Amino acid sequence: MSLERLDKILSHQGLGTRKGIRKLLRTCEVTVNGQQVFDPSFSVNPDKDVIAVDGEELFVQKNVYLMMNKMPGVVSANKDGLHQTVFDFLDDQYRTPYFEEKLHLVGRLDIDTEGLILFTTDGAMTHKITSPKTHFPKSYLVQLEKPENEERQKNIYDEFKKGIHIPPEANDPEADCKPIHDLVWNSQTECILTISEGKFHQVKRMFRACGNEVVFLKRLSIGALVLDENLKKGEYRELTPSEVENLLNIW
């Protein structure tokens, strides 16, 4: 992590506004590596330097990674005037000024889609997962309105595997989808689809282009990260170190 201003770090930790931090430095003993600091612009390395306020060491928040089992009817956004958002389900510990500035979603899910959604403060990871250049796979459980026999299933697989053309929807123009990673049929109306893109309503538009409608959609995985099925809808947890490592290193 690069050097940051002391007042910015203290503000992000919920100790006050930038203006309030100047007062804090005058009225409290704020030390960096044991030396008292009065200058709000003092440069600090959050990864190495020890910051304390009145003798109590301050834990400087490192990057955070959260998985949530998103429920349907909830918007993938920070704020929305009509609906609950995924951020409304987070505890107060993730509502400090630091998280209000840094915590964001890695991609989105439609309001009626449920399943795995990822929050992080790690911008580099977000870029890696969402960049079209990385072809990061995402798997979805899909349930269809009409049953598809074995021949139709093979035809849909072949269409998806070579890259299917999807019609326009809302303000999104018609587009050509990249070839899928995989399509596995569980039954005549249910399958698991793995794609590497994230066009607007892409999965629904792909099946609509083949003459069927998606009636249920749930994201199961992002890269090597698989949704924890112990999470009830609306619940979340921090990723384990191994889950973070797999996301950062495998793809």
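Quick caveat, the model's predicted, so the values are computed rather than measured.
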Student: Looking at Val86 and Ser76, what are the two nearest heavy atoms and their distance?
Tutor: CG2-CA, 4.2 Å
Student: Check for a donor-acceptor pair, side chain of Lys8 on one end and backbone N or O of Ser41 on the other, with a separation under 3.5 Å.
Tutor: no
Student: Can Lys161 and Asp182 be counted as an ion pair, charged N to O under 4.0 angstrom?
Tutor: no
Student: In terms of hydrophobic clustering (I, L, V, M, F, W, Y; side-chain heavy atoms under 4.5 Å; direct or indirect links), are Ile192 and Val203 co-clustered?
Tutor: no
Student: Given the rule that I, L, V, M, F, W and Y join up when any side-chain heavy atoms are under 4.5 Å apart, are Ile166 and Phe200 in one cluster?
Tutor: no
Student: Does the gap between the ring centers of Phe119 and Phe89 come in under 6.0 Å?
Tutor: no
Student: How long is the straight-line distance from CG of Leu141 back to CG of Leu217, given to the nearest 0.5 Å?
Tutor: 8.0 Å
Student: Calculate, to the nearest 0.5 Å, the distance between atoms CD1 and SG belonging to Ile164 and Cys210 respectively.
Tutor: 3.5 Å
Student: What residues, two or more places apart in sequence or in another chain, satisfy salt bridge (Lys or Arg N to Asp or Glu O under 4.0 Å) together with Asp110?
Tutor: Lys204
Student: Is the closest side-chain donor-acceptor distance between Gln188 and Glu148 under 3.5 Å?
Tutor: no
Student: Could I get the full list of salt bridge (Lys or Arg N to Asp or Glu O under 4.0 Å) partners for Glu235, not counting sequence neighbours?
Tutor: none
Student: Donor-acceptor check, side chain of Gln202 to backbone of Lys199, threshold 3.5 angstrom: yes or no?
Tutor: yes
Student: Set out, in order, the CA-CA distance, both residues' side-chain angles and the distance that settles side-chain contact (heavy atoms from CB on, under 4.5 Å) for Met68 and Leu231, then state yes or no.
Tutor: CA-CA 8 Å; Met68 176 182 283; Leu231 291 175; over 6 Å; no
Student: Could you name each residue pair satisfying side-chain hydrogen bond (donor to acceptor under 3.5 Å, both in side chains) that touches residues 24-36, not counting sequence neighbours?
Tutor: Asn33-Asp49
Student: Supply the atom-to-atom distance Lys218 NZ to Tyr140 OH, rounded to the nearest 0.5 angstrom.
Tutor: 13.5 Å
Student: How about Phe87 and Tyr94: are their ring centroids closer than 6.0 Å?
Tutor: no
Student: Going by distance alone, is a donor N or O of one side chain under 3.5 Å from an acceptor N or O of the other, for Thr120 and Asp122?
Tutor: no
Student: Tell me yes or no: between the side chains of Tyr236 and Asp228, is some donor less than 3.5 Å from an acceptor?
Tutor: no
Student: Does the side chain of Leu239 come within less than 4.5 Å of Leu118's, by heavy atoms?
Tutor: yes
Student: State, yes or no, whether a side-chain contact exists between Leu183 and Ile156 at a heavy-atom distance under 4.5 Å.
Tutor: yes
Student: Before giving the answer on side-chain contact (heavy atoms from CB on, under 4.5 Å), spell out for Leu193 and Ser139 the whole-Å C-alpha distance, their side-chain angles and the decisive distance to 0.1 Å.
Tutor: CA-CA 6 Å; Leu193 175 67; Ser139 294; over 6 Å; no
Student: Rounded to the nearest 0.5 Å, what's the gap from CG on Asp88 to NE2 on His83? Could you check?
Tutor: 12.0 Å
Student: With the side chain counted from C-beta on, respond yes when Phe99 and Leu90 share a heavy-atom pair under 4.5 Å apart, and no when they do not.
Tutor: no
Student: What residues form a salt bridge (Lys or Arg N to Asp or Glu O under 4.0 Å) with Asp158, not counting sequence neighbours?
Tutor: Lys154
Student: What I want to find out is whether Glu114 reaches Lys233 closely enough, with some N-O distance under 4.0 Å, to be called a salt bridge.
Tutor: yes
Student: Apart from Val75 itself, which Ile, Leu, Val, Met, Phe, Trp or Tyr residues share its cluster (side-chain heavy atoms under 4.5 Å, direct or through members)?
Tutor: Ile111
Student: Can you name the residues that form a salt bridge (Lys or Arg N to Asp or Glu O under 4.0 Å) with Arg208, not counting sequence neighbours?
Tutor: Glu169, Glu213
Student: Say whether, by atom type as modelled, one donor and one acceptor occur between the side chain of Lys102 and the main chain of Glu100 under 3.5 angstrom.
Tutor: no
Student: For the pair Val53 and Leu15, evaluate side-chain contact (heavy atoms from CB on, under 4.5 Å) and give the outcome as yes or no after the intermediate values.
Tutor: CA-CA 10 Å; Val53 178; Leu15 296 177; 4.2 Å; yes
